[in-house]
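Working notes for the structure below.
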Amino acid sequence: MKRFFSLCLCALITISLCACGGGGTNGGNSDAKLVGVAMPNKAFQRWNQDGANMKRALEEKGYRVELQYAENDVNTQVSQIENMITKGVDILVIAAIDGAAISDVLKQAKANNIKVIAYDRLIMNSENVDYYATFDNEMVGKIQAEFLIDKLNLNGDGGPHNIEFFAGSPDDNNAVYFYKGAIETLRPYIDSGKLKVPSGQTDFAKVAINTWKSEVAQARMDNLLTAYYASGNKLDAILASNDTLAIGIIASLKNIGYNGTDRPFPIITGQDCDRPNVIALKNGEQAMSIFKDTRTLADKVVQMVDALLSGQEAEVNDTKTYDNGVKIVPTYLCAPVIVTRDNYKEILVDSGYYTEEEISK
Ligand code: BGC
């Protein structure tokens, strides 16, 4: 009898694994469906985590995973995707380095009947993108801007205050949305004179930082400090679209004597809750970041993979916003969350994202 029950149990487990895993049993079973996951680079903490979360979540569902990082080189990413197609992946999940540079390789995917999910970053100018899953990008910029409005008391008697802007990489479509959300929210205060931009640089093209690199942001900050703030002009706030930019900005400010005690930092924004930035939040160097729980995004994308591989439609909650130049890509938007010194414990530590030790110097 006992043996009968355990046989039934085994059969049940096998059936349920087949149902979710598209025919496979676990990561090692060559009958399991193969998911190609292409990530931009390993150098940034966020993509490391995204890749690892996606692999874990897919393998838990019984898929095999081909995960590749392209070290921010577009040609490398294109050939990685080509190799995935040759290897016979059943579906592709792609976080593009340059959203506009992979339309040719996606034609090959289409010719092989492989569905494509754009992960976090929209893939531009291609018919062959089936779905997009991301965090609400414009909302990220809006939350950053609203934080500055509040801290600078711009709706009260605060101002005029000096601010400078740092946006993301021009080849990343997200960078445009982050900046749009931020600048549109702050524009009325610039127009009314409550916010001043001593450099005069507010156009995306002027404030965009290539490849999102800390060093590039640091060099621009050095230039701004020399050109517009050397004669004692006070810099009150910096809108930085993400954490890697904030790191470069903080390094530049530290080099000229900002220390957070007798010389307090301007109010600096960020995004991603990278480890060094959470430490900077705790030390009062950076004022806020945005938490985009990559576990949530990975789970959402796995649901999409499940749906598409079983011939169903995937769940979406936005069918209007993300026009890639050829079509509007059906999208699932996850919610970004603000993190400050006051709530980081609750949001990041209590949720198990970091241990307190991981975010201590
Ligand atoms: C992501 C951000 C990230 C940036 C740089 C963007 O596409 O949405 O979370 O900070 O790339 O890696």
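Just follow the structure's listing: the first ligand is 1, and inside any ligand the first atom is 1. Quantities reported herein were computed from a predicted structural model and do not represent experimental measurements.
- Residues passing the ring-ring contact (aromatic ring centres under 6.0 Å, His included) test with Tyr132, sequence neighbours excluded: Tyr322.
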Intermediate values then yes/no, side-chain hydrogen bond (donor to acceptor under 3.5 Å, both in side chains), Arg46 and Gln271: CA-CA 10 Å; Arg46 92 144 279 191; Gln271 161 180 206; 5.7 Å; no
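- Listed as neighbours of ligand 1 are Phe44, Arg46, Trp47, Asp120, Arg121, Asp172, Asn174, Phe178, Trp212, Asn242, Gln271, Asp272, Lys292, each bearing a heavy atom under 4.0 Å from the ligand.
- Using a 4.0 Å cut-off between a side-chain N of Lys or Arg and a carboxylate O of Asp or Glu, Lys234 and Asp236 qualify as a salt bridge.
- With hydrogens and angles disregarded, no donor-acceptor distance shorter than 3.5 Å links the side chain of Asn137 to the backbone of Asn174.
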Evaluate ring-ring contact (aromatic ring centres under 6.0 Å, His included) for Tyr344 paired with Tyr354, printing each intermediate quantity in order. CA-CA 10 Å; Tyr344 82 88; Tyr354 289 135; 9.6 Å; no
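- In this structure, Thr269 contributes its side chain and Met288 its backbone to no donor-acceptor pair below 3.5 Å.
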